[in-house]
Amino acid sequence: MLLSLFIILPLLTALAVLFCKGLKQVRMISLMGTSVQFVFSFGLLYEYWKERASGNRAQFLFEMNASWFDPLHIHYHIGIDGISLSMILLTAFVVIAGVLVSWTQETLNKEFFFLLLILSAGAYGYFISLDLFTLFFFLELAVIPKFLLIGIWGSGKKEYSAMKLALMLMAGSALVFVGLMGLYFNTSINGAHSFDLVEISQMQISNSAQNTFFPLAFIGFGIFAALFPFHTWVPDGHSSAPTAASMFLAGISMKLGGYGCLRVATYLMPEAAHHYSPVIILLSTVAIIYGAFATMMQKDLKYINAYSSVSHCGFVLLGIGMLTQTSITGAVLQMVSHGLMTALFFAAIGMIYSRTHTRLTEQLGGLLKVIPFISTVFVIAGLCSLGLPGLSGFVAEMTIFMGSWQNPDQWYRLATILACASIVVTAVYILRATGKSLMGPIHNFQYNHLADAGWNERLAAGILITGIVAIGVAPFWLYYLITPGTEYIIQHVGKAITLK
Amino acid sequence: MHASVIIFYILSAFILGAALLAVTARKIFRSAIFLLFTLIGTAALFFWMGVEFVAAVQIIIYVGGIVVLIIFSIFLTQKSGEEMPKPLRNRSLFSVLALLFGFAFTYHLIYKYRFEQPAPHVFNVKVSDIGTQMLSTTEHGFVLPFEVVSILLLASMIGCIVIAMKIKPMEGNEI
Amino acid sequence: MGIDFLILMKQEWMVIAILLILLFIKVSSDDWQNENILKLVNILLLINLITGFFGYRDGILFNEMFKTNHLIVTEKNILSLGTFIVSLQSYAWLRNNKLVLEFYLLLLSTLLGMFYMISAGNLLMFYLGLELSSIPLAALANFDLEKRKSGEAAFKFIISSAFASGLLLFGISLVYGTTGTLTLSALSDHLDGSSLQIFAFILLISGFGFKISTVPFHLWTADVYEGSPVTVTSYFSVISKGSVLFVFVTVLYTAFKSYAITWNHILFILSVLTMVIGNLFAIRQNNIKRFLAFSSISQVGFILIGMSGQSQAGTASVVYFILIYTFSNLGAFGVISLVSAYTGRENLEDYKGFYKTNPRLSWVLAISLFSLAGIPPTAGFFGKFFLLMAGAGQGNYLLITIAALNMVVSLYYYLKIIKVIFMDSNENPIKRLLTPSSPKLALIICTTGIILTGFVGYIYEYIFSMSTIF
Amino acid sequence: MSPYFFVMLVPLLPLVSFCILGLFGRKYIKTTSGTLGVISLFISALLSLYTAYRYFFIDGKVNGIYQHIIALKYTWLQFSPRVSIDMGILLDPISVMMIVIVSFISLMVHIFSLGYMKGEERFAIYYAFLSLFTFSMLGLVLSSNIFQIYIFWELVGISSFLLIGFYFENPSAVTASNKAFIVTRFADFGFLIGILILAFYSGTLDFGTLIERLTTAGSSQYIDIHSATFLGASMLTWGLGLVFIGGAGKSAMFPLHIWLPDAMEGPTPVSALIHAATMVVAGVFLVARLFPVFSIDLTVLQIVTWVGAFSALFAAVVACTQTDIKRVLAFSTMSQIGFMMFSLGVSKYGGESGLGYTGSMFHLFTHAFFKSLLFLGAGAVIHFAHTNDIRDLGGLRKLMPVTHLSFLIACLAIAGIPPFSGFFSKEDILMAAYHSDKIIYAIAVLTSALTAFYMFRLYYSVFWKRDIHLHDKNHEEGTLSMRLTLVILAVCTAFAGFVPVSSWITSDGAPLESHIDIVFSVFPVLMALTGIGLATYLYKTENRRPQIITSAFGSLYRAAYRKFYIDELYLFITRKIIFNGIGRPAAWFDKNIVDGFMNGLATTTAKISGLIKGLQSGKVQNYALYFFGGIIALAVLFIYVLNY
Amino acid sequence: MNEISITQILFVSTALFFIGMYGLFTRRNMITMLMAIEIILNSVNINFVAFNKYLYPGKLDGVFFTIFIITIAAAEAAMAIAIIINLYRSHHSIDVEDAEEMKY
C-alpha cells in the first residue's frame with residue numbers, strides 16, 4: 001500500500017486538478033500534490049533504510065502482489081530495491097521542479113498540470129512495477145501525455161516533433177512488447193507462464209530464446225534511452241517541448257529506457273546480455289562521441305542540451321553493456337544524475353526563453369549580468385554536464401569509467417577511452433554555449449530590463465541543485481542505496497555465465 | 001445412351017447458353033429474357049433431378065417474381081431498345097482470364113474429388129414431406145429457418161418501402 | 001421444451017417482442033411523437049439488455065439449429081449493449097426523421113439476425129442469420145434518402161454482399177457436398193482435408209472476411225461507411241462486424257478445429273494484409289467516417305491475430321476486445337454523429353480547433369481514439385495486449401512483431417486526429433454543441449466502459465471462464 | 001584520531017567562506033566579503049604554518065626519515081570492494097610545504113585584492129571564487145588518493161576558469177577562460193586514462209598502497225604492469241606518461257601551454273595566485289607525488305626531462321619578445337616550471353642522486369614567492385597606470401617606490417643572483433642537471449641567462465626608460481593593503497633561499513646534506529649577470545637599440561613574438577579539423593542520414609499509401625474482382641504452393 | 001439416368017457460377033449485375049440439389065437450403081432494385097461506373 005500511494009497520489013491530484021477553477025487553484029493543488037509526493041519519497045527512503053538497517057537483505061522490499069488478470073497470470077506486483085528507489089527520488093525531484101517552473105502556465109493550465117501529473121504517475125508506476133505487464137502498462141502510459149504536452153504547449157515545429165516522439169517511442173515499446181512476449185512464453189511454472197520479474201529471473205531461459213528476444217527488448221527500451229541510431233526523437237522532441245515537459249522528458253522519460261534495459265533486458269536475459277554486449281558497447285560509444293560532436297554544432301540551447309542528452313544517455317547504456325558491477329552502478333548513478341542535471345538545464349533554458357523569447361546562442365549574450373540567478377543555474381547545470389567534481393555528473397561518469405575499465409578486453413578498453421574523450425568535447429560545447437549566451441557584451445539592449453527568477457523558479461532550481469550537489473558531494477549514500485540492487489543483478493548475470 | 005442423359009445434356013446446354021447470352025447481350029431487355037430462359041432451364045433441371053417442388057418454387061418465385069420485378073425496374077429506368085454501354089475492355093479481359101482460371105481450378109478440384117456415391121437410396125421428395133418438415137420442430141424440422149426467413153421478408157419489405165416509397169410504393173410485396 | 005423455448009431464446013424473444021410493439025405502433029396510429037418513440041425504444045432496448053443478464057443456460061434447440069451457452073449469451077449481451085448505445089446516439093439524427101419506426105424495425109431485425117447467426121448450430125441458420133443481418137442493413141445504409149452518397153453506399157453494399165454470399169453459398173454447398181452435413185458440431189468429424197474442401201473452406205472464410213472486412217475482401221467497407229448515415233456506420237462497424245467475428249471464432253474453433261494449421265496460416269496472411277492495408281489507407285483519409293472505416297479494418301487485423309491463438313485465451317481475448325472495441329468505436333462515433341447531426345461536417349479539417357469549443361466532446365473522442373490505438377490506461381491497451389498475447393501463444397513472433405509495428409503506424413493517424421482537435425487552430429470551428437441527454441448518456445457509458453473494462457480484471461476473467469477451450 | 005586531524009580545517013575554512021560568500025555575499029555581505037575571506041584564509045595559513053612546524057620539527061620524522069602521515073581518511077565512493085575513492089589528508093614534506101605556500105600566497109592575494117578589486121561590482125563573488133580556488137588547491141595538495149587528486153584537479157581547473165573569466169563581459173576573457181579550461185581538460189583526459197591504467201594494475205587508488213605495490217619489484221602488480229604492453233611500451237610507461245600529460249596540461253608545458261598567456265585576462269591578483277604560485281605547479285607536484293613510481297620508469301623520466309627543458313627554453317625565448325607585462329610574466333612562469341619539471345626528470349630516487357627532486361621542490365617554493373611578488377607588482381602597476389603594455393609604461397620608479405623596490409628584488413631572485421632566494425634553488429637544479437645530462441645543463445644555463453635578460457627588460461621598461469611626471473596628486477601607489485603585501489612578499493623573496501629545504505624535502509624523506517658549491521655557481525651567475533647587463537644596455541634608457549636588434553633577428557623575432565604560431569596551429573586543428581571535419585559532418589549526418597532515415601520511413605509509408613490508393617477505386621466491380629482474385633490467390637497458395 | 005455422374009452436374013453449376021460472375025464483373029448496368037447475381041445463386045441451388053440427390057439422399061438438407069436461398073434471393077433482389085431505383089432518382093443513371101463518388 002505504501003508503494004501504491006505513489007501511483008494513487010498523482011492520480012488523485014490529477015483528478016483534483018480537473019475540478020479546480022482558475023490557474024491559482026490548479027497550481028496550488030498541483031504543488032501540494034507533488035510536495036506530498038516529494039515528502040513521501042523521502043519517507044520511503046527512510047523506511048527503506050530502516051528496513052535494510054534491520055538486516056533485511058531481500059532483493060525487493062515493500063512487495064505487494066495482487067492478482068489482476070488471473071487466467072493470464074498477470075499480477076499487480078510491486079516492490080522496490082535501491083535502483084527503483086533512486087529513480088523514484090529522481091522523479092519526485094523533477095516533478096516538483098516541473099510544477100514550479102510551470103507556475104505561470106496560462107493557456108489551458110488545467111490540462112497542462114493534469115497531463116504532467118499523469119506522466120508522473122506513469123513514471124512512478126513504472127519504477128515500482130515488478131510485473132512486466134504492469135511495467136509495460138506504465139511505460140506506454142507515459143507516452144501520450146508527452147505527445148499532448150509537446151503538441152499543445154510546445155514551440156517551433158511542435159506537431160512534427162510530438163508526432164515523431166510519440167511514434168518512435170511507441171515503436172520502441174512495440175519492440176519491448178515482443179520481447180516481453182518472448183519472456184512470457186519461455187517461462188513455465190507448473191505449465192503456466194509468468195510475467196513476474198522475480199519468477200522469470202529464477203528461470204533458465206534457453207539461449208536461443210534469449211538471443212532472439214534480448215535485442216528486441218533492449219532496442220525497444222533503448223529507443224527510450226536514445227540508443228544510437230534511434231535517438232532522433234530526442235533533439236526534436238526536447239527542443240519543441242514546453243519547459244516542464246522537456247524536464248520530464250529528458251529527466252525521467254529517458255530513464256525509463258535505461259531502467260528497462262537494465263531491469264528487464266539485462267537482468268532477465270543475462271546470457272544474451274553477454275552475447276550482445278559488444279554491440280551495445282559499440283552503439284553506446286558511438287552515441288557518446290557522435291552525440292557530443294553533433295552537439296558542438298548546435299546553435300539552439302535546447303538542441304544543445306538535447307544532443308548532449310544523447311551523449312550522456314550513451315553512458316548509461318555503456319555502463320549497462322560493460323556488465324561489471326561498478327559500471328552498472330555507474331549507469332544507475334548516471335541516470336539519476338543526468339535526470340537532475342538535464343532537468344535543471346531545461347529549467348534554466350526555459351527561464352531564459354520565457355524572458356528573451358529566443359534560444360539561439362547568437363542572439364543571446366551577456367545574460368549573466370542582467371539575470372545572474374538564472375545564468376548561474378545554467379552554468380551549474382553546464383558544469384554538472386561536463387563532469388565537475390562536487391556535482392553529480394562527475395561521480396556517475398567516473399563510476400562508469402572505472403567499471404568499464406575493469407573489463408580487460410582491448411576493445412572494451414578502447415570504447416572506454418573514447419567515452420572518456422567525450423568529456424573534453426562536452427567541455428567544449430558547454431563552454432561555448434555558456435560563453436556565447438551568458439557572457440560577453442549584451443547584444444540586445446532590450447535584455448537590459450529582464451527580470452531575474454521569481455520565487456518559484458528559484459525554488460525549482462534550488463531543489464534540483466540540492467539534489468545534484470547532494471550526490472556530487474556525498475555520493476556514498478546513493479551508492480549504498482544502489483549497490484544491493486546491482487549486486488543482485490551482477491550475481492544473476494554472473495551465475496548465468498558459469499552455468500553456460 | 002439413356003434418354004435422361006440426352007435430356008440432361010440438352011438442358012445443360014440450354015442453361016449455359018442462355019446464361020451466357022444473358023450476361024453478354026447488349027440490349028437489356030434481351031438480357032432479361034435470356035435470364036428468364038436460364039431460370040426456366042434450371043427449373044427444368046430440378047425437375048429432371050426429381051425435385052418437383054423446388055422446380056415449382058423456382059418457377060414461381062424467380063420467374064413470377066424476380067424476373068418480373070427486374071423487368072419492371074428496367075421499364076422504370078431504361079428506354080427499351082437502347083444498347084447498353086460496352087464493358088470496359090481491361091476489366092473484361094481480366095475478368096475473363098481470372099474466371100477461366102477460376103473455373104478450371106474449381107472444376108479441377110471437383111473433378112479430382114472422389115464423391116462417395118452411397119448405396120442406391122430412394123430419393124423421393126414428396127411435397128407433403130416438405131410441408132411437414134418445414135413446420136416441424138423435431139428432427140429434420142425447419143420451422144426456425146422458416147420463421148427467420150419470414151422476418152427477413154418482412155424486414156426487406158419495410159426496407160423497400162422506406163427506400164422506394166416515393167416512386168413505387170408497391171414493389172415490396174412481390175411474393 | 002416450452003420453458004426452454006422461452007429461456008434459451010430469451011434474447012431473441014425480447015427483440016421479436018420489441019419488433020412487434022413497434023410494428024403495432026406503426027400500424028395503429030400516426031400520432032406518436034418522435035421523442036416519445038425514441039424514449040420508448042430506448043427503454044425497451046435497455047430492458048432487452050438487462051434481461052440478457054439473467055437466466056443463463058446452456059442448451060440446444062431445433063435439432064442443433066439453435067444453440068446457446070454462457071459465452072453466446074454474453075456475446076449477445078455485448079451486441080445488445082452496442083445497439084443500445086447506438087440507439088442512444090442516434091437521437092440527434094432521428095429527432096426529426098419521419099421514419100423512426102422503420103429505422104428501428106430494420107435495425108432490430110438485423111440484430112435479431114445476428115442473434116440467430118451467433119446461436120446457429122447449422123450452416124443454414126448461419127446463412128439465414130447472416131442475410132437477415134445484412135439485407136436490412138442495405139436499407140439502413142440508404143436511410144439518408146436525399147443524399148446521393150447514401151444510395152451509392154447502399155448499392156455497393158447490397159451488390160457486394162450478394163456477391164459475397166454467392167461465394168459463401170458456393171462454399172457451403174461444397175462443404176455440404178463433401179461432408180454431407182450442415183450441422184457445425186458434426187462437421188469436424190467429416191472433414192477429410194481434401195483440396196476441394198480446403199477450397200470450400202477458403203470460400204467460407206472469404207464470406208466471413210467480407211463481413212468483417214479483412215483485406216482483400218474489405219473494399220466495400222470504406223465506401224459504405226462513408227456514405228451511410230453516421231449512426232448506421234457505427235452500427236456497421238461495431239455490431240455487424242462484432243457479431244460475425246463472434247461466429248467466426250466459434251466456427252473456426254469448433255467446426256474447423258482439424259484445419260487449425262490451415263486457418264492459422266490463412267489468418268496470418270489475412271491479418272498482416274488487413275493491418276497493413278488498413279493502416280496505409282487510414283493514413284491518407286480526410287473524411288472522418290472513412291478514416292474510421294479503415295481504422296476498423298486494421299482493428300480486425302489485430303482481432304485475427306488473437307483468433308489465430310487457438311486457445312481459450314484466443315476466444316476470450318477476441319470477445320473481450322470486441323467489448324472494448326464496442327465502447328471505443330461507439331465513443332468515437334458518438335461524437336462524430338453528434339457533430340454530423342448538428343453541423344453536417346464530417347471532414348477532418350472541420351475538427352480543427354474542436355477542443356476550443358467542445359472540450360468535453362474532444363476528450364471523449366480522444367479517449368476513444370486512444371483506446372482504439374491501444375494506449376493505456378484505456379481498455380484498448382488491455383484488449384490489444386491480450387489479443388497479441390493470445391497470438392504469441394502459438395509462437396508466431398513474426399506476426400506479433402508486424403502487428404506491434406503496425407500499432408505504431410496506426411497510432412500515427414489516431415494522433416493526427418488528436419493533433420487536429422487539440423493543436424490546430426481554425427477560424428471557423430465547429431460551434432459549441434449542446435449534447436442532448438441520451439447521446440450524453442451514451443458517451444458516458446462508452447467512456448466509463450473504456451476506462452473500466454481494462455482495469456477491472458474480473459471482466460476478462462469472466463469472459464475467459466466461459467470461453468471455448470480449444 | 002590522528003593528531004593532525006585539525007589539518008582538515010585548512011581546506012575547509014576556505015570552503016566555508018566560499019559557501020557563505022557564494023550564497024549570501026552578493027546580497028547581504030557585500031563589501032565585508034573581502035574581510036571575511038581574509039580572515040578565513042588567515043586562520044588557514046596560521047594552521048598550515050603550525051602544521052609545518054609540527055611536522056618538520058616535532059613529530060614528522062621517525063628514524064631520520066620524514067613519514068607519510070594519513071591525517072584523515074574517509075571512504076567517499078566505494079567502486080568495488082578493493083577500489084575506492086577516499087577523501088583523505090596525506091601529510092608528507094611536499095604536501096606540508098605546499099599547504100604553506102598555497103595558504104600563504106592566497107592570503108597575500110586576498111589582502112592585495114582588498115585594494116585592487118575595491119569598488120568592483122561582483123566583489124563578493126570574486127572572493128567566493130578565490131576561496132573556492134584556495135580550497136581546491138589545498139585539497140589537491142593534501143590528497144591521499146589518486147582519484148581525490150583528480151577531483152581537486154578538476155575543481156582547481158574550474159575555479160581557475162571562473163576567475164579567468166571573471167570579467168565575463170569582455171569577450172576575450174571569455175575566450176581565454178574557455179581555452180584554459182578546454183586545454184587543461186584535454187590534458188586531464190590523459191590523466192584520467194592514466195589513473196585508470198594505474199588503478200587497474202595496482203588494484204588501488206590510494207597513493208601509499210599504489211606506490212608501494214608498483215615499486216616493490218616482484219609483487220604481482222609490479223609484474224603485471226611491466227609485462228602488459230601496448231604498442232611496445234609497458235603499461236607502466238603508458239600510465240605514467242598519461243598522468244604526466246595531465247600534469248603537463250595544468251603546468252603549461254609545451255605544447256599544452258597555450259592557455260597560460262591568455263589566462264592573463266583574469267584580474268591580476270588572480271594571475272599571481274593561480275598562474276604563478278599555485279595551480280601551475282600542480283603538474284610538478286603531481287609528478288613529485290608519484291615520483292617513486294616515475295623513478296623506476298626511465299622512459300617517462302626522459303620525457304619529463306625533455307618536455308621540461310624544452311618548455312623552459314621555448315618560454316624564455318618567447319618571453320623576450322612579449323610586450324604585455326603579464327604575458328612576459330606568464331611565459332616566465334612557464335619557463336620556471338620547465339625548470340622544475342626537468343629537474344624532476346633528471347633526478348633519481350633516494351640519496352644524493354635525488355638532488356633534482358629536492359631542487360625542484362625548492363625552486364617551487366622560492367618561485368611561489370618571487371613570482372607572486374612579480375605578478376602583484378605588475379598588478380599594482382596596472383592598477384596605477386591602467387595599461388599592460390610595456391611600450392606605454394616607463395619611469396614609474398619614483399611614483400611607485402615600494403613597488404619598484406619589491407619588483408627589483410623579485411627580478412634579482414628570478415635571475416638567480418645571490419643571495420636572493422632564486423639563486424639557491426636554481427643552483428640545486430643546475431647541479432642536478434649537470435650531474436645527469438650536459439645538454440640539459442647547457443639549456444638550463446642558457447635559459448637562466450635569458451631569464452635574467454627578459455626580466456630586466458621588463459623591469460627597465462616599466463620603471464626606467466623615461467621620466468614621467470604626473471601632476472595629478474590623486475594618483476597614489478595603491479592602497480595600504482597592496483603595499484603591505486608587496487613588502488611582505490619582498491621580504492620572503494629575499495630570504496626564502498635560506499630555508500633549509502634540502503634537509504626537509506627529499507625524494508626518500510631522509511635529509512640531504514646541503515652544500516653550495518661556489519665554483520660551480522660562478523658560471524651560471526655570470527651568465528645571469530650578462531643577461532642583466534644586456535638588458536640594462538638595451539632598455540634602461542629609451543633608445544633605438546632594441547629595434548635594431550629586433551630587425552636583425554627578423555623572422556625569428558616575429559615568430560617568437562607570435563609565440564611560434566602554436567596558437568594558430570591549435571586554431572587550425574580545432575576550427576578546421578574538429579569543427580569542420582568532425583562536428584559539422586556529425587551534425588549533418590545526424591540531420592540528414594539518421595533522422596533522414598526515420599523521416600524517410602514516414603514519407604515512404606505515405607508514398608506507398610498514395611501508390612496503392614487505386615485499389616480503392618470506388619468501382620464496385622473492381623472490388624468484386626479483387627475479392628475473387630483474393631480467393632483464388634489464397635486457394636492456389638494453400639492448395640498448390642503450401643500443399644495442405 | 002445413372003450415367004450422369006455428379007461431376008457432370010457440377011460442371012454445369014460451376015460453369016453457370018462463373019458465367020454469373022462474368023456478368024457481375026463486366027456488365028455496367030446495375031440491373032444486369034443483379035441478374036448476374038441471380039445466375040450465381042441459381043448455380044448454387046443446382047449444387048445443393050445435386051448433392052442432396054446424389055450423395056445424401058437420406059435427408060432433405062440440400063433441398064431446403066435451396067428453397068431458402070430462392071426466398072432470400074427474392075428479398076435481396078427486391079431490396080437491390082429498390083436501392084437501384086432510388087439511386088436512379090438521384091443519379092439519373094444506373095451505370096455502375098457513375099456510382100463512384102466515394103473512393104480512395
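Chain letters run A, B, ... following the sequence lines, proteins first and then strands; every chain starts at 1. Quick note: numbers below take in every heavy atom, side chains included, and nothing from hydrogens, waters or symmetry partners.
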Original post:
Shortest non-hydrogen contact from Ser173(C) to Asn47(E)?
Top reply: OG-ND2, 3.0 Å
Subject >> Over all atoms of both residues, closest heavy-atom pair of Ile37(E) and Ala162(C) >> reply: CD1-CB, 3.5 Å
Original post:
Under a 4.5 Å heavy-atom cutoff, which of Asn122(C), Ile159(C), Val224(C) has the most pairs with chain E?
Top reply: Ile159(C)
Original post:
What part of Lys147(C) lies closer than 4.5 angstrom to a heavy atom of chain E: side chain, backbone, both or neither?
Top reply: neither
Subject >> Side chain Tyr176(C), main chain Phe48(E), donor-acceptor under 3.5 Å >> reply: no
Original post:
What part of Ala153(C) lies closer than 4.5 angstrom to a heavy atom of chain E: side chain, backbone, both or neither?
Top reply: both
Original post:
Taking all atoms of both residues into account, what is the closest heavy-atom pair of Gly151(C) and Ile83(E), and its distance?
Top reply: O-CG2, 3.9 Å
Subject >> Structural part of Glu152(C) lying under 4.5 Å from a heavy atom of chain E >> reply: both
**OP:** Write down the atom of Met79(E), the atom of Ile135(C), and the distance for their closest heavy-atom approach.
**Re:** CE-O, 3.6 Å
Subject >> Atom group of Ser165(C) that falls short of 4.5 Å from chain E, counting heavy atoms >> reply: side chain
Subject >> Beyond-backbone contact of Val175(C) with Phe51(E), side-chain heavy atoms, under 4.5 angstrom >> reply: no
**OP:** Nearest 0.5 Å please: distance from the OH atom of Tyr127(C) over to the CD1 atom of Ile72(E).
**Re:** 4.5 Å
Original post:
Who among Asn287(C), Thr178(C), Leu182(C) has the most heavy-atom pairs with chain E under 4.5 Å?
Top reply: Leu182(C)
**OP:** Mind ranking Val96(E), Ile40(E), Leu24(E) by heavy-atom pairs under 4.5 Å with chain C and telling me who comes out on top?
**Re:** Leu24(E)
Original post:
Who pairs with Phe256(C) by side chain to side chain contact (heavy atoms under 4.5 Å, CB included), at least two apart in sequence or on another chain?
Top reply: Leu187(C), Leu191(C), Phe201(C), Leu204(C), Val251(C), Tyr259(C), Trp263(C)
Original post:
Would you say the side chain of Tyr56(E) lies within less than 4.5 Å of the side chain of Thr181(C), judging by non-hydrogen atoms?
Top reply: no
Original post:
Do you know which of Gly180(C), Ser161(C), Ala222(C) has the most heavy-atom pairs under 4.5 Å to chain E?
Top reply: Gly180(C)
Original post:
When rounded to the nearest 0.5 angstrom, what distance separates CD in Glu101(E) from NZ in Lys149(C)?
Top reply: 5.5 Å
Subject >> Among the listed options Leu167(C), Leu169(C), Leu128(C), Asn142(C), the residue most often paired with chain E at heavy-atom distances under 4.5 Å >> reply: Leu169(C)
Subject >> Nearest-0.5 Å distance that lies between atom CG in Asp61(E) and atom CG in Leu123(C) >> reply: 10.0 Å
Subject >> Residues, nucleotides or ligands: over 12 heavy atoms within 6.0 Å of Lys103(E) NZ >> reply: yes
Original post:
Of the backbone (N, CA, C, O) and the side chain (C-beta and beyond), which part of Leu132(C) lies under 4.5 Å from a heavy atom of chain E, both, or neither?
Top reply: neither
Original post:
Do the side chains of Phe170(C) and Met21(E) get nearer than 4.5 Å, heavy atoms only?
Top reply: no
Subject >> Structural part of Ala138(C) lying under 4.5 Å from a heavy atom of chain E >> reply: both
Original post:
Tell me, side chain or backbone of Phe65(E) under 4.5 Å from chain C's heavy atoms, or both, or neither?
Top reply: both
**OP:** Name the region of Thr183(C), side chain, backbone, both or neither, that has any atom closer than 4.5 Å to a heavy atom of chain E.
**Re:** neither
Original post:
If you tally heavy-atom pairs under 4.5 Å against chain C, which of Asp98(E), Leu55(E), Asn52(E), Leu41(E) wins?
Top reply: Asn52(E)
Subject >> Under 4.5 Å from any heavy atom of chain C - which part of Phe25(E) >> reply: side chain
Original post:
Heavy-atom distance under 4.5 Å to chain E: side chain of Leu219(C), backbone, both or neither?
Top reply: neither
Subject >> Residue pair Met102(E) / Gly227(C): nearest heavy atoms and the distance that separates them >> reply: SD-N, 3.4 Å
**OP:** Could you grab the distance from atom CD1 of Ile84(E) to atom CD1 of Ile158(C), nearest 0.5 Å is fine?
**Re:** 9.0 Å
Original post:
Which pair of non-hydrogen atoms, one from Leu145(C) and one from Arg89(E), has the smallest distance, and what is that distance?
Top reply: O-NH2, 4.2 Å
Original post:
Say you draw a straight line from NE2 of His91(E) to CZ of Phe155(C); how long is it, rounded to the nearest 0.5 Å?
Top reply: 10.0 Å
Subject >> Reported OG1-to-CG distance for the pair Thr14(E) and Leu174(C), which is rounded to 0.5 angstrom >> reply: 7.5 Å
